[in-house]
> 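One structure, pasted below without further comment.
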Number of protein chains: 2
Amino acid sequence: MLQQSFTYQLASISEDAIKPAAKMFERRFGLDVQALRVLRLVGDQPGVNFTTLAAQTRFERSATSRILSRLIKAALVRRELDECDARQFRLFITDKGIELRQQADPLSLALEDLILSALAPDERVQFRQTLDKLSDWLARAFVGELTRRYPDAGAVLKSSARSKGR
Amino acid sequence: MLQQSFTYQLASISEDAIKPAAKMFERRFGLDVQALRVLRLVGDQPGVNFTTLAAQTRFERSATSRILSRLIKAALVRRELDECDARQFRLFITDKGIELRQQADPLSLALEDLILSALAPDERVQFRQTLDKLSDWLARAFVGELTRRYPDAGAVLKSSARSKGR
DNA sequence: ATCTTATTGTTGTAATTTACAACAATATCT
DNA sequence: AGATATTGTTGTAAATTACAACAATAAGAT
């Protein structure tokens, strides 16, 4: 086996892990993983507004908006007008949404466990710690360090507000 | 910070790590990371044929074919007809391609080092070992185990020939 | 030999995804 | 009041990805 670049290896792993799981979720719940992710973000933050949500979502606001309207149409999420600001509304998960999560979340956890079953228990703990360290560093310092060393890197730095995933 | 699913976290990390690097490579060498990857695969396996290459590439044969023809047009790769089988040809990196790699590869390594600089030296070693374990297991056993536990997972299992990345 | 079937690599194109930018509605600042 | 900024939605272009047809050749079967 040729030596792999570690970033590529990461991408491969997540792709291999996510793709089959994604299929299951679509079959069982009629939701793609992105929609599920948005559902969870709303569920965990009752009353979020769109802008906050979109910043956590890792895809475009436009995409988030469309996913959200599908969730609302499916009655998994509802929205209320904000009393103070008529431009905003607050998002809430519905009972139906909660019910769906009660089925979906254990399945997600079971799938993750299955993937991590390749590792010894303490290795698993260590691995997750390392991942936290890495994502933290990437979100916080990487781009800055990169442009310091390579001024031509062309840092974009647009949105920010990452590292709040789910 | 909300708790993240580990697969999602992996995807985020690789995306954050790859995107800025990708920009640099495009500016400096006029090659996107995929083309660079193909160039490396060819360089490391002088005389590969297209089918073998495409299996290692993680994208469609059609995409691989187009990338390859760009590399050939740019004179970074050349091809020879196979003596035994007129359908096949054998691929080789050119001197110009080697030269490009001599610039690009150290940069890749430096970038990976930069990313991993967030980790202590022994943590780094451990991390890479864990990644190897994981990708190995995913390539070898995951899909089988998944369909055993969840017969509705809808395993596809089309190509195979993975775990030979670069 | 010839006929059928399989493989190799390329190409056209449909489908999907992603990004961008314009927009109406409302709020805030001067 | 008028100018500027923010919120969320929508239209559409651009890029990506997937699929399937294809010509050229090889291999196997009768």
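Here is how names work: the chains are called A, B, and so on, in the same order as the sequence lines, proteins then strands, and each is numbered from 1.
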> A:Ile67 CD1 to C:dT16 P: how many Å, rounded?
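Distance, rounded to whole Å: 16 Å.
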
> So which of residues 74-90 of chain B are in contact with DNA chain D, with a heavy-atom cut-off of under 4.0 Å?
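Close to the strand are B:Asp85, B:Ala86, B:Arg87.
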
> Counting only heavy atoms from other residues, nucleotides and ligands, does the tally under 6.0 Å from CG of B:Leu81 exceed 12?
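Count not over threshold, so no.
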
> For A:Phe6, does the six-membered ring have the charged nitrogen or CZ of B:Arg128 within the cation-pi criterion, i.e. under 6.0 angstrom from the centroid and within 45° of the normal?
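No, a cation-pi geometry is absent between B:Arg128 and A:Phe6.
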
> Between A:Lys19 and A:Thr51, which is nearer to the 5' end of DNA chain D once each is assigned its nearest nucleotide?
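Comparing both residues, the 5'-ward one is A:Thr51.
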
> Are B:Leu31 and B:Glu26 close enough that some pair of their side-chain heavy atoms sits under 4.5 Å apart?
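No, every pair of side-chain atoms sits at 4.5 Å or beyond.
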
> Could you tell me the separation between the CG atom of A:Leu53 and the P atom of D:dG8, rounded to a whole number of Å?
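Rounding to the nearest Å, CG of A:Leu53 and P of D:dG8 are 9 Å apart.
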
> Can you find a side chain N or O atom of B:Ser62 that sits less than 4.0 Å from OP1 or OP2 on D:dA18?
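Looking at the OP1 and OP2 atoms of D:dA18, neither is under 4.0 Å from any side-chain N or O of B:Ser62.
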
> Take atom CZ of B:Arg58 and atom C1' of D:dA18, then tell me their distance rounded to the nearest Å.
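Checked: the CZ to C1' distance equals 16 Å.
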
> Do B:Phe92 and B:Val38 share a hydrophobic cluster, counting only Ile, Leu, Val, Met, Phe, Trp and Tyr and linking them when any side-chain heavy atoms are less than 4.5 Å apart?
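As far as the 4.5 Å side-chain criterion goes, B:Val38 and B:Phe92 are not connected within one cluster.
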
> Salt-bridge test for B:Asp105 and B:Arg40: reply yes if a basic N is under 4.0 Å from a carboxylate O, no otherwise.
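Judged by the 4.0 Å cut-off on N to carboxylate O distance, B:Asp105 and B:Arg40 do form a salt bridge.
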
> Whole-Å distance between D:dA18 P and B:Gln34 CD?
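These atoms are roughly 11 Å apart.
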
> Please confirm whether the shortest side-chain N or O distance from A:Thr64 to OP1 or OP2 of D:dG8 is below 4.0 Å.
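False: A:Thr64 side-chain N/O out of range (4.0 Å or more) of D:dG8 OP1/OP2.
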
> Could you give the CG-to-C1' distance, from B:Asn49 to C:dT10, as a whole number of Å?
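Those two atoms, CG and C1', are 15 Å apart.
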
> Establish, from distance only, whether the side-chain atoms of B:Thr130 and B:Gln126 form a donor-acceptor pair under 3.5 Å.
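Distance-only check passes for B:Thr130 and B:Gln126.
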
> Nearest to the side chain of B:Arg66, which nucleotide is it out of C:dG9, D:dT9, C:dT11?
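Side chain of B:Arg66 sits closest to C:dT11.
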
> B:Phe50 has an atom CZ; how far is it from atom P of C:dT7, in whole Å?
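It works out to 16 Å between those atoms.
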
> Could you tell me how far apart A:Leu68 (CG) and D:dT7 (C1') are, to the nearest whole angstrom?
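Nearest whole value for this atom pair: 13 Å.
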
> Decide whether a cation-pi geometry holds between A:Arg37 and B:Tyr8; the criteria are a distance under 6.0 Å from NZ or CZ to the six-membered ring centre and an angle within 45° of the ring axis.
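Pair A:Arg37/B:Tyr8 counts as cation-pi.
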
> Roughly, in whole Å, what's the span from CZ in B:Phe59 to C1' in C:dT16?
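Result: 19 Å.
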
